[in-house]
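Both ligands and their constituent atoms are indexed starting at 1 by order of listing.
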Amino acid sequence: MLADKRILLVMSGGIAAYKALELIRRLKERGASVRVVMTKAAEEFVTPLSAGALSGDRVYSDLFDLTAEHDIGHIKLSRDADLIVVAPATANIIAKMAAGIADDLATNVLLATDKPILLAPAMNPRMWANAATQRNVAWLKGERVFTVGPNVGSMAERGEFGPGRMAEPMEIVAAIEALVAPAPDAAPGPLSGRHVLVTSGPTHEPIDPVRFLANRSSGKQGHAVAAAAARLGARVTLVSGPVTIPDPAGVSVVRVETARQMLAAVEAALPADIAIFAAAVADWRVATEAEEKLKKGPAGVPQLNLVENPDILASIGRHPSLRPKVVIGFAAETENLVANASAKLQRKGADVIVANDVSPETGIMGGDRNHVRFVSATGVEDWPEADKAAVAAEILARAARLLAG
Ligand code: CTP
């Protein structure tokens, strides 16, 4: 259900615009409020009147509509939503987004927003395959921009076949629900009635009131693990360091900044059946955080005195009473991947270490894909490179088996 969710639907000009009308109906049926912004080209395919009748609101299209700018404004339009959906998303609007062009209301809204954006691309297969479109989509996709489709099929143009068809309205609804709506409680699944605890993201270790030590972790893999656990029916607690990606659906999120806060939040969330430690915890913190901002001056360059942070995985993995039945850690390495991961398995008391090579050339840290080795007492498996969501689903499937075994 999408009750109380506010969706801003941006329609750009494509033949698939008629399917966006159906999308409005489906969203309204689920209790969402829908506001529609149309480009001039979209109005060539469907009328604002029909979109407005279905959404139950006026349709916004003109950047220089003074009344609208007065009572609402494009900034407010873009902020008053839980999610922005661009459907259909033409090659043109995707290119403008990637280039940061804002030359009408729709593109101004997209440039000004701080909300997640779901693109439903719709275009001719050759336009989709074009290197420029592929580059733009790859560049946009990441922390806040998601895609659904395009599907493979025949086009409105005769004889054209390939990827380019906009996803069906119900597929777009499912993608919207996955982004903004919690999964239904106690969905029956292999982990129904189980508690899964996940850590994710980096930690920030303060130096003074304005500076901190951190690392490049985006939280994408850890958040995907939490989402995968929820999909198997588990109750999930996600303890997350500072990240900019949205909370996964159906998961209870505890936000922390430092390693010590993360350990405290993990301890507070126990007991759990499975714990998966995907966070890139800072190994060190500054011994004493300066109360005032450190200043340049005659005293010279500040010397940071570092002390070691608690090892969260090791303290839970080796805990005499609190240890969950299944404990899985990650290992971020830039050399000797398998040897280092095997050593961590022993040292930290984990059942599995999911090891990845985070050398900059792999693009794994911060990226959408992962290539992992699954290291356990029974051996080392080299998994094929895959989407972080697919890697997460496989990790959870294995965790569920270990729990049952
Ligand atoms: N980890 C943790 N607490 C820490 C450091 C790491 O819980 N203070 C967990 C991570 O979440 C991960 C695993 O330990 O599951 C391995 O993290 P990694 O950074 O690869 O290892 P380190 O312990 O930092 O070891 P090294 O310095 O040898 O890389």
Side-chain angles (χ1 to χ4, degrees), residues 196-206 212-226 228-229 236-243 254-270 272 274-287 306-319 322-324 326-360 362 364-366 370-376 380 388 391-392 395-396 398-399 402:
V196 177
L197 173 63
V198 180
T199 69
S200 181
T203 63
H204 285 182
E205 309 295 334
F212 54 82
L213 296 174
N215 59 63
R216 295 185 198 280
S217 167
S218 64
K220 284 179 186 168
Q221 185 64 77
H223 278 49
V225 163
V236 184
T237 308
L238 171 62
V239 180
S240 174
V243 296
V254 183
R255 290 184 183 75
V256 298
E257 292 228 333
T258 67
R260 285 180 295 172
Q261 290 167 357
M262 189 173 271
L263 175 61
V266 163
E267 285 171 346
L270 288 170
I274 298 174
I276 303 181
F277 296 90
V281 184
D283 290 320
W284 305 284
R285 67 177 184 276
V286 176
L306 300 181
V307 293
E308 201 164 317
N309 266 331
D311 190 313
I312 303 166
L313 166 58
S315 69
I316 305 303
R318 302 219 152 274
H319 201 285
L322 284 175
R323 187 191 195 278
V326 178
V327 173
I328 299 182
F330 275 68
E333 306 291 348
T334 56
E335 55 182 359
N336 303 331
L337 186 60
V338 171
N340 283 336
S342 306
K344 279 177 191 169
L345 191 71
Q346 298 294 328
R347 197 168 72 233
K348 302 195 183 211
D351 300 299
V352 174
I353 291 284
V354 180
N356 46 24
D357 181 346
V358 291
S359 309
T362 65
I364 284 174
M365 224 162 186
N370 207 350
H371 174 192
V372 306
R373 311 297 197 287
F374 190 84
V375 182
S376 69
V380 178
K388 285 184 175 171
V391 172
I395 292 171
L396 260 298
R398 299 301 191 93
L402 286 170

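- Listed by number with element, the atoms of ligand 1 under 4.0 Å from a non-hydrogen atom of G329 are 15 (O).
- Ligand-side atoms of ligand 1 in range of A332: 20 (O), range being under 4.0 angstrom from any heavy atom.
- The shortest N or O to N or O distance between A280 and ligand 1 is not below 3.5 Å.
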side-chain contact (heavy atoms from CB on, under 4.5 Å), that's the test. Do H223 and L238 meet it? Break it down for me.
CA-CA 8 Å; H223 278 49; L238 171 62; 3.8 Å; yes
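- Residue, atom and distance of the protein heavy atom nearest to atom 6 (C) of ligand 1 are K348 NZ, 3.5 Å.
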Please evaluate residues S200 and V225 with respect to the criterion side-chain contact (heavy atoms from CB on, under 4.5 Å), reporting the C-alpha separation (whole Å), side-chain torsions for both, the decisive distance (0.1 Å), and the verdict.
CA-CA 9 Å; S200 181; V225 163; over 6 Å; no
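- Remark: the backbone N or O of A278 is not paired with any side-chain donor or acceptor of Q221 at under 3.5 angstrom.
- The nearest heavy-atom contact from the protein to atom 15 (O) of ligand 1 is F277 O, 2.6 Å.
- Annotation: atom 12 (C) of ligand 1 to nearest protein heavy atom, F330 O, 3.0 Å.
- At the top of the distance list for atom 3 (N) of ligand 1, counting protein heavy atoms only, stands I312 N, 3.0 Å.
- For atom 29 (O) of ligand 1, the closest non-hydrogen atom of the protein is K344 NZ, 3.1 Å.
- Checked by distance only, ligand 1 and E333 stay at 3.5 Å or farther apart across all their nitrogen or oxygen atoms.
- Results of the side chain to side chain contact (heavy atoms under 4.5 Å, CB included) test with V327 over V352, L313, I274, L197 single out L313 as the only residue that passes.
- Atom 10 (C) of ligand 1 has A279 O, 3.3 Å as its closest protein atom, hydrogens excluded (heavy atom only).
- A heavy-atom separation below 4.0 Å is found between A331 and ligand 1.
- Under the 4.0 angstrom criterion, atom 19 (O) of ligand 1 counts as lacking any protein heavy-atom contact.
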Is there a side-chain contact (heavy atoms from CB on, under 4.5 Å) between S218 and M365 once you walk through the steps?
CA-CA 7 Å; S218 64; M365 224 162 186; over 6 Å; no
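- Atom numbering of ligand 1 starts at 1 in the shown order; those under 4.0 Å from a heavy atom of P310 are 3 (N), 4 (C), 8 (N).
- Screening N356, N370, D357, T334 for a side chain to side chain contact (heavy atoms under 4.5 Å, CB included) with T362, the sole residue that qualifies is D357.
- Between R373 and E333 there is no salt bridge, since no side-chain nitrogen of the basic residue lies less than 4.0 Å from a carboxylate oxygen of the acidic one.
- Not close to ligand 1: M262, with no non-hydrogen atom less than 4.0 angstrom away.
- If you check which protein heavy atom lies closest to atom 5 (C) of ligand 1, you get D283 OD1, 3.6 Å.
- Closest to atom 9 (C) of ligand 1 among all protein heavy atoms lies L313 CB, 3.8 Å.
- When each of I276, V358, I353, T199 is tested with F330 by the rule side chain to side chain contact (heavy atoms under 4.5 Å, CB included), just one qualifies, namely I276.
- With respect to R323 and D351, a salt bridge is recorded, a charged nitrogen being found less than 4.0 Å from a carboxylate O.
- With R216 contributing its side chain and P202 its backbone, the two residues share no donor-acceptor pair below 3.5 Å.
- Proximity of S315 to ligand 1 is not established, as no heavy-atom distance is less than 4.0 Å.
- Of all heavy-atom pairs spanning K388 and G366, the tightest one is NZ-N, 4.1 Å.
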